[in-house]
Structures are given as C-alpha cells and as structure tokens.
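Notes follow once the structure below has been shown.
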Number of protein chains: 2
Amino acid sequence: MLINELSKKTGLSIHTIRYYENLGMIKGLADEKVKSNNYKHYNNNTIERLEIIIEAREVGFTLAEIKKILTSWFETTESKPETLELFHAKIKEIDDKMRYFKQTKRLLEKVCEKIQNNE
Amino acid sequence: MLINELSKKTGLSIHTIRYYENLGMIKGLADEKVKSNNYKHYNNNTIERLEIIIEAREVGFTLAEIKKILTSWFETTESKPETLELFHAKIKEIDDKMRYFKQTKRLLEKVCEKIQNNE
DNA sequence: ACAAAGTATAAACTATGCTCTATGCTTTTA
DNA sequence: TAAAAGCATAGAGCATAGTTTATACTTTGT
C-alpha cells in the first residue's frame, strides 16, 4: 500500500508518517520493477509498528524510546542484558505512572464532587 | 518559605517554579513589611499546587489544562456546568489512557520474554 | 566590609514532536 | 492531453515545556 492508504488505516497524517520514517521508525520500499517513480510501499508490519507507536506515545514515551522498543520487538536477534534491563525499567515506569493516574483521577473526581455540591 | 526551600521541598528547579508562576499556576507574595527587597514567600498551598502539577503532568495533561484543574479545585466559587463536563471528559481521557498503558505494559513484557528466550 | 550566595526579571536558547510550504516529478481522470 | 491528485524531499515554522544566560539588586557569612 502507498502512504495515502497507510494514513487512512492508521489515522496518522501523511506528514507524521513521513516524519516517523525519517526517524527510522518505519520503512517503506520502492518497487524495484517500477523505474519511473520512487513511490514507497508499506506492508502490514508497518501498520503494526505504527499502532505500537500510537499506543506507546500515549504512555508518554519519547519517539527515541519507542524506536528502541520496536527494534527489540521486530529486529533484535541477540539478547543483550542491558536491553532487558531497559525494558524492565520501562515497565516500572509504567507502574509508577499508573499510580499518578489513579491519584489524578481521584483528584478530578473530587473536583467534580466539589463543583456539584456548590450548586 | 522562599523559592529555594520550595524548590527543595518539591524537587522542582527554581527555574521551573518561576516558569509555573509566570503562567499563573502558583503565586508567591512579597512581604509588605519588608521594603528593601521583592522576595516572594510561598506557603503550603503552593506545595499542594505543585504536587498536583507534578502528578497531572505525568498523566500527560498540558500546563493549561492543569491550570484549569487548580482553579476549579482551589479558587472556584460558582459551579459552571461546562466546567463539570470538562472534568468528566478528563476522567474519561484518563480511563482511555489506562487502556493504552495496559497494552503497552503487556507489549513490554512480551519484549522481555522474547529477549530472554533468545538467550 | 566584602565576597559569596540568594533573589528577581527578561530574554534568548533548546528539545521534542509535529505541521506546513515549496518544488518537482508521476499518475490518474475527465 | 491537460488538469487534478498523489508522491518525494527538503526546509521553514510552530507549540509546548522547559533551561540557560545576563543583569542587577539583596542578604548572609567570615
């Protein structure tokens, strides 16, 4: 599929997709049989990768961090202990953030109560 | 307390605290009895506010959004229905993000398993 | 009393993550 | 076949959230 279709399937703008491609997070390939243009083709793996990017950026990971996640998930053949530790650290980060989430949610709920009681 | 103490108690840099003060998220007051300087004094409410800021920014709320939360929590006297709706929407956002969190955590755990099995 | 440390204000600078514009080529469509 | 739409590349511009620098005044410690 070309970039337009990819954009529609993921909900990301064409600009954003190209931005991610420039960062090396995804990769499209030009059809070698077609010499007249340089149109890049993307496959379902690209969709998977973009969905992971969307998920992980919601969590607040930077694009650099997400790139590492993608590499470890899709490309890594060898297993470095420091990579493993990195991911354990990230999991811990998520757990920490979850706590902030619960606290903030509780605060917001209290704000709602306060607003309603003032009526 | 002065800004240095506030910085130590919250873990935020003096610069960041001033940045938040410029945005109107917190407010220090100069001692009127002292004419020789313009040193601002902060109280425990400021600490509370900064702790809320720290929590909420981890959740990914923008400083503008956090400012609204603070206003509704500490300053609002009247209760506007649209404010209430805003906060309900924010709570929903948090719930949505929690889902992303769980998915991303699961992905990271799988990455860890993958790395370990490759050994 | 004087150097060091603290405070205030303003402005410049930086990093991240886009978003938009310009240019030029290719493909599709009426 | 000419106009419109799509694709690629490069670079400029923008918003957010700080961080750093410069300047100047005040307070504190020795």
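Residue numbers begin at 1 in each chain, while the letters A, B, ... track the order of the sequences.
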Reported NZ-to-OG1 distance for the pair Lys114(B) and Thr83(A), which is rounded to 0.5 angstrom: 11.0 Å
Rounded distance [0.5 Å steps], CG in Leu12(A) versus CG in Leu6(A): 7.5 Å
Produce the list of close N/O pairs, under 3.5 Å, pairing protein atoms with atoms of nucleotides 28-30 of chain C; give distances to one decimal.
none

Within 6.0 Å of CD in Glu48(B), more than 12 heavy atoms from elsewhere: yes
Taking NZ, NE, NH1 and NH2 as the nitrogens, is one of them in [X] or [Y] under 4.0 Å from a carboxylate oxygen of the other?
{"X": "Lys105(A)", "Y": "Asp95(B)", "result": "yes"}
{"X": "Asp96(A)", "Y": "Arg99(A)", "result": "yes"}
{"X": "Lys90(A)", "Y": "Glu65(A)", "result": "yes"}

Please give, in whole Å, the distance from [N] [atom2] to [X] [atom1]?
{"X": "Glu65(A)", "N": "dA15(C)", "atom1": "CD", "atom2": "C1'", "answer": "14 Å"}
{"X": "Ile17(A)", "N": "dT19(C)", "atom1": "CD1", "atom2": "P", "answer": "12 Å"}
{"X": "Phe61(A)", "N": "dT16(C)", "atom1": "CZ", "atom2": "C1'", "answer": "16 Å"}

Short side-chain N/O contact to dT19(C) OP1/OP2 from Thr16(A), under 4.0 Å: yes
Presence of Ser36(A) side-chain N/O under 4.0 Å of dT27(C) phosphate oxygens OP1/OP2: yes
Positional range of nucleotides in DNA chain D within the contact set of chain A, heavy-atom, under 4.0 Å: dG6(D) to dT9(D)
Position toward the 5' end of DNA chain C (nearest nucleotide), Tyr19(A) or Val34(A): Tyr19(A)
Check: protein-nucleotides 8-10 of chain C nitrogen or oxygen pairs below 3.5 Å:
unit_1, atom_1, unit_2, atom_2, d
dA8(C), OP1, Asn38(B), O, 3.4
dA8(C), OP1, Lys40(B), N, 2.3
dA8(C), OP2, Arg18(B), NH2, 2.9
dA8(C), O3', Asn38(B), ND2, 3.4
dT9(C), OP1, Asn38(B), ND2, 3.2
dT9(C), OP2, Lys40(B), NZ, 3.0

Chi angles and distances behind the salt bridge (Lys or Arg N to Asp or Glu O under 4.0 Å) call for Glu75(B), Lys68(B): CA-CA 10 Å; Glu75(B) 277 104 38; Lys68(B) 281 189 197 161; over 6 Å; no
How far apart are the closest heavy atoms of [X] and [Y], and which atoms are they?
{"X": "Val59(A)", "Y": "Lys97(A)", "answer": "O-NZ, 3.2 Å"}
{"X": "Arg57(A)", "Y": "Ile66(A)", "answer": "N-CD1, 3.6 Å"}
{"X": "Ile54(A)", "Y": "Thr10(A)", "answer": "CD1-O, 3.8 Å"}
{"X": "Ile91(B)", "Y": "Cys112(A)", "answer": "CD1-SG, 4.1 Å"}

